[in-house]
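See below for the structure under consideration.
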Amino acid sequence: MSVILYNASKIKSFENLKALSLMVGETIEFATELWQDMLRDEELLEEFNYFVSNHTLKGTIACGELTLLDIYFSQMNKYNIYHDMGKNTDYCNKDRMVLHAFKQMVDMRKDPHYMVNFEKREESGMDKQ
């Protein structure tokens with residue numbers, strides 16, 4: 001008699017990613033593309049599952065010297081500057097920012113030149129030429 005073991009954790013993770021994506025206004029296509037990239041990176045998948053379970057990031061994933069938390073905080077700062085507030089309001093969609101931080105980390109890990117370009121984009125505020 002043979003025993004078949006079935007682990008549905010990845011299916012559950014994908015369902016969570018789709019639900020979160022739709023909840024924050026993203027498309028199924030966005031979720032599917034991000035999922036395909038996350039499947040190739042076990043650390044990202046583990047971090048995503050941690051986020052879903054705890055609604056916070058561990059911040060252990062990095063590309064070079066930039067961590068997922070660095071990317072997330074960068075997005076928060078851009079939001080604050082764009083809205084000229086200095087603090088995050090109730091209208092700030094932090095879950096959407098987390099998903100986009102995951103997307104940026106995927107892009108950084110796929111393309112070694114992405115981090116250089118990311119740093120240049122971050123320095124291009126309105127008061128700089």
Side-chain angles (χ1 to χ4, degrees):
M1 173 181 214
S2 63
V3 176
I4 298 174
L5 297 176
Y6 177 74
N7 182 347
S9 63
K10 288 188 178 176
I11 293 170
K12 184 177 179 184
S13 296
F14 182 49
E15 293 301 320
N16 287 333
L17 180 58
K18 286 191 304 187
L20 183 59
S21 295
L22 291 174
M23 183 183 82
V24 302
E26 290 297 341
T27 63
I28 292 293
E29 292 78 21
F30 173 87
T32 302
E33 182 181 325
L34 182 54
W35 176 250
Q36 290 169 349
D37 290 326
M38 288 172 65
L39 278 176
R40 293 184 208 110
D41 193 326
E42 196 63 38
E43 284 181 310
L44 277 173
L45 191 53
E46 182 181 318
E47 179 80 16
F48 177 75
N49 288 330
Y50 182 87
F51 173 75
V52 168
S53 297
N54 301 289
H55 207 69
T56 189
L57 295 169
K58 287 191 297 185
T60 56
I61 294 178
C63 183
E65 293 184 14
L66 288 175
T67 68
L68 191 61
L69 283 171
D70 293 328
I71 297 168
Y72 174 70
F73 291 139
S74 170
Q75 290 178 1
M76 294 291 262
N77 287 334
K78 282 194 284 188
Y79 175 88
N80 291 338
I81 290 169
Y82 179 76
H83 293 284
D84 197 22
M85 299 192 147
K87 65 178 184 173
N88 302 118
T89 64
D90 292 340
Y91 299 108
C92 178
N93 192 335
K94 294 175 182 83
D95 290 328
R96 187 171 194 274
M97 289 182 189
V98 167
L99 281 182
H100 282 269
F102 274 101
K103 177 68 175 129
Q104 283 188 300
M105 181 58 73
V106 162
D107 292 342
M108 283 180 180
R109 287 182 161 197
K110 279 199 286 189
D111 179 6
H113 300 292
Y114 186 93
M115 187 161 28
V116 172
N117 294 331
F118 175 78
E119 290 169 351
K120 285 181 186 174
R121 277 195 304 272
E122 296 308 301
E123 294 174 0
S124 60
M126 293 187 320
D127 59 342
K128 295 188 180 185
Q129 297 185 13

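Scope of the values below: all heavy atoms of this structure, side chains included, with no hydrogens, waters or symmetry mates.
Using a 4.0 Å cut-off between charged side-chain N and carboxylate O, K12 and E15 make no salt bridge.
Linking Ile, Leu, Val, Met, Phe, Trp and Tyr residues whenever their side-chain heavy atoms come within less than 4.5 Å leaves I28 and L20 in two separate clusters. Following chains of ILVMFWY side-chain contacts shorter than 4.5 Å, one cannot reach L69 starting from Y50, and the two form parts of different hydrophobic clusters.
Residues L34 and F48 are not in side-chain contact: their nearest non-hydrogen atoms beyond the backbone lie 4.5 Å or more apart. In this structure, L45 and W35 have side chains that are in contact, with non-hydrogen atoms separated by less than 4.5 Å.
Taking NZ of K18 as the start and CG of L22 as the end, the distance is 8.5 Å to the nearest 0.5 Å. The CD atom of E47 lies 5.0 Å from the CG atom of L57; values are rounded to the nearest 0.5 Å. Separation of atoms CD (E29) and OG (S21) is listed at 10.5 Å; rounding is to 0.5 Å. The distance from atom CZ of F14 to atom CE of M38, rounded to the nearest 0.5 Å, is 10.5 Å. Between atom CD1 of residue I61 and atom CE of residue M105 there is a gap of 6.5 Å, rounded to the nearest 0.5 Å. Interatomic distance, F30 CZ to L17 CG, rounded to the nearest 0.5 Å: 7.5 Å.
Without hydrogens or angle criteria, E26 side chain to A31 main chain gives no donor-acceptor distance under 3.5 Å. The backbone N or O of A62 lies less than 3.5 Å from a partner atom in the side chain of R109, making a donor-acceptor pair. D107 contributes no side-chain N or O that, together with a main-chain N or O of Q104, makes up a donor-acceptor pair within less than 3.5 Å.
For the side chain to side chain contact (heavy atoms under 4.5 Å, CB included) with F51, the lone residue among N16, V98, T56 that qualifies is V98.
With 3.5 Å as the limit, one finds a donor-acceptor pair spanning the side chains of D70 and T67.
Contact record, M97 with Q75: O-OE1, 2.6 Å, taken as the closest heavy-atom pair. In terms of heavy-atom proximity, L68 sits nearest to A101 at CD1-O, 3.3 Å.
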Checklist entry - Does the pair D41 and V106 meet the rule for a side chain to side chain contact (heavy atoms under 4.5 Å, CB included), with working shown? => result CA-CA 8 Å; D41 193 326; V106 162; over 6 Å; no
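Other residues, nucleotides and ligands place no more than 12 heavy atoms under 6.0 Å from the NZ atom of K10.
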